[in-house]
Amino acid sequence: MEHTHYISSDLLSIEMINEIVFQGKQLALSEEAIVNIEKCRKYLDDKMQSNSTPIYGINTGFGSLCNVKISNENLSKLQENLVKSHACGTGEEVPHEIVKIMLLLKIQSLSYGHSGVQLITVQRLIDFYNNDIFPVIYTQGSLGASGDLAPLAHLSLPLLGEGEVYLDGFRQPAAKVLAKFGWEPIVLQSKEGLALLNGTQFMSAYGVYCLIKAEKISYLADVIGAVSLEGFDGRIEPFTDLIHLVRPHKGQVQTAERMRDLLEDSEIIAQPKVHVQDPYSFRCIPQVHGASKDTIDYVKKVFRTEINSVTDNPNIFVGEDMIISGGNFHGQPLALALDFLGIALSELGNISERRTYQLISGLRGLPAFLVNDPGLNSGFMIPQYTAASIASQNKQLASPASVDSIVSSNGQEDHVSMGANAATKTLRIVENVERILAIELLNGSQALEFRRPLKSSEFIESFIKSYREEVSFVSEDRILHYDIEKSVTFLNSFQIEMED
């Protein structure tokens with residue numbers, strides 16, 4: 001495996017980011033990126049020597065202060081002040097995995113040669129990435145419109161020797177870490193602070209991370225749904241290809257095909273059934289899971305475009321001799337997509353909880369609450385409460401953030417995306433769905449044991465065998481919190497190949 005990824009204009013995909021970040025690749029700038037960065041910086045330096053016209057964010061104030069002209073001798077101080085004054089984040093700390101993705105995406109965006117940064121600035125961000133130096137960033141503070149200003153200010157502070165970072169698991173002053181590596185603080189030049197702070201890398205990094213998780217969740221929802229179907233003695237007919245070919249939504253067709261593959265040669269699915277139909281939570285797995293798959297595909301397309309884009313402001317076009325102030329930092333495409341992703345994942349949790357409810361209801365020859373001697377034992381009564389509570393929280397979290405807006409910067413920034421709020425709550429939905437599916441697996445695997453001596457498919461039997469090494473059959477009441485936590489850990493341990 002190549003251990004270095006070279007930053008260039010080649011298209012990045014979500015799958016590539018997953019490989020770069022989570023397989024420990026180092027970053028380096030390609031010759032193309034170096035030329036782009038240096039060419040743009042030289043153009044801007046020359047422009048500032050020969051031009052006295054106000055250019056937003058380069059020799060003016062910011063936001064509603066855009067009409068305040070700044071003298072050339074104060075341009076560096078202007079950019080330093082910008083970074084410090086915008087570091088107003090609060091709340092929980094951003095997970096290190098997401099900080100690492102933020103670093104990668106910021107480096108990528110600055111490398112196209114439309115941002116005017118110094119080469120040393122981009123190289124220092126690469127140094128942070130390669131040495132697992134994670135700036136302390138907070139989840140609250142971005143409106144998702146002028147770029148992710150507050151989070152990106154905290155990302156950028158350590159370049160100046162300000163703020164705090166994590167290194168080797170310890171939170172410490174950035175100045176101390178710079179000294180340890182023998183690095184001098186960066187002296188920002190004109191436009192640089194704005195290039196670092198304007199951008200959508202907070203929203204984008206959350207989106208990429210959630211999409212990586214979402215693909216895995218989508219796959220595991222199918223697998224665990226198949227386990228539950230077997231435990232419930234469900235029917236195979238709803239997954240027949242003919243049904244789905246006359247309503248050929250891509251995700252629906254894929255899900256039905258996967259369910260047929262998962263259940264191939266199962267003795268349980270093949271045995272004669274007394275019941276004519278299954279409840280929707282089983283029968284409509286292709287339609288519901290499939291719609292979520294199609295949503296994930298759509299959201300991937302949005303983020304694939306975003307992570308290969310320039311999202312700071314103003315943008316510099318060397319060939320055209322133009323510096324244009326626009327709005328590429330506005331997070332509306334991401335806010336809408338993140339809300340959509342959160343809704344789609346919430347639905348996977350909703351239908352999973354319904355399958356859990358059916359399994360504990362004493363139907364189809366299963367004991368009430370999936371335990372021997374119910375009454376003396378409460379069995380799996382309360383895990384369903386837990387799943388229901390989490391599913392309901394997801395319904396609340398799935399309320400769209402993107403329909404909200406609030407005026408900022410004295411009316412200059414009068415419509416914002418709230419994409420950062422969409423991003424952080426979508427991650428909470430992701431984590432919640434993982435727990436709901438873990439509870440369904442706990443129930444589905446228990447129900448499956450009451451179908452013995454019949455066996456399920458080879459795949460499902462192998463899957464359950466691995467699971468049983470972590471979570472044993474529940475023969476009498478015990479503290480199920482530990483079983484739920486072990487089930488979550490079991491699911492998180494799985495690696496799946498992402499589909500490009």
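It should be emphasised that the depicted structure is a prediction, and the values quoted were computed from it without experimental measurement. Along the sequence shown, the residues carry numbers beginning at 1.
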Do the side chains of K84 and E80 get close enough for a salt bridge, i.e. N-O under 4.0 angstrom? yes
Residue pair S487, Y467: steps toward the side-chain hydrogen bond (donor to acceptor under 3.5 Å, both in side chains) verdict: CA-CA 8 Å; S487 299; Y467 177 63; 2.7 Å; yes
Show me the pairs that pass salt bridge (Lys or Arg N to Asp or Glu O under 4.0 Å) and involve residues 346-358, at least two apart or across chains. R355-E440
Among residues at least two apart in sequence or on other chains, which ones pass side chain to side chain contact (heavy atoms under 4.5 Å, CB included) with S325? Y56, N313, P314
For F317 together with Y43, are the ring centres under 6.0 Å from each other? no
Main-chain N/O of Q396 paired to S399 side chain as donor or acceptor, under 3.5 Å: no
Return each pair, listed once, that meets salt bridge (Lys or Arg N to Asp or Glu O under 4.0 Å) where at least one residue sits in residues 387-406; pairs must be two or more places apart or across chains. none
Are the charged groups of D297 and K293 less than 4.0 angstrom apart, N to O? no
For D294, what residues pass the salt bridge (charged side-chain N to carboxylate O under 4.0 Å, His left out) criterion, not counting sequence neighbours? none
Can you list, pair by pair, the side-chain donor-acceptor contacts under 3.5 Å of residues 129-137, counting residues two or more places apart and other chains?
residue : atom : partner : partner atom : Å
N130    : OD1  : L27     : N            : 2.8
N130    : ND2  : L27     : O            : 3.0
N131    : ND2  : D127    : O            : 2.8
D132    : OD1  : K100    : NZ           : 2.6

Run the salt-bridge test on K216 and E434 with the 4.0 Å N-O cut-off and return the result as yes or no. no
Could you list the donor-acceptor pairs under 3.5 angstrom formed by side chains in residues 172-188, with sequence neighbours left out?
residue : atom : partner : partner atom : Å
Q172    : NE2  : L167    : O            : 3.3
Q172    : NE2  : F170    : O            : 3.2

Those residues that, when tested against Q446, pass side chain to side chain donor-acceptor pair (under 3.5 Å) (two or more places apart): none
May I have all residue pairs that pass ring pair (Phe, Tyr, Trp, His ring centres under 6.0 Å) and include part of residues 135-163, sequence neighbours excluded? Y138-H154
Could E15 and K300 be called an ion pair, given the rule that one side-chain N must be under 4.0 Å from one carboxylate O? yes
For A205, all residues meeting side chain to side chain contact (heavy atoms under 4.5 Å, CB included), sequence neighbours excluded: I98, I101, M102, L105
Which residue pairs pass the ring pair (Phe, Tyr, Trp, His ring centres under 6.0 Å) test when at least one of the two sits in residues 394-415, sequence neighbours left out? H330-H415
CG of L197 to NZ of K106, rounded to nearest 0.5 Å, is 7.5 Å
Which residue pairs satisfy the salt bridge (Lys or Arg N to Asp or Glu O under 4.0 Å) criterion with at least one member in residues 327-346, sequence neighbours excluded? D339-K425
Please list all pairs meeting salt bridge (Lys or Arg N to Asp or Glu O under 4.0 Å) that have one or both residues in residues 143-158, counting only residues at least two apart or in different chains. none
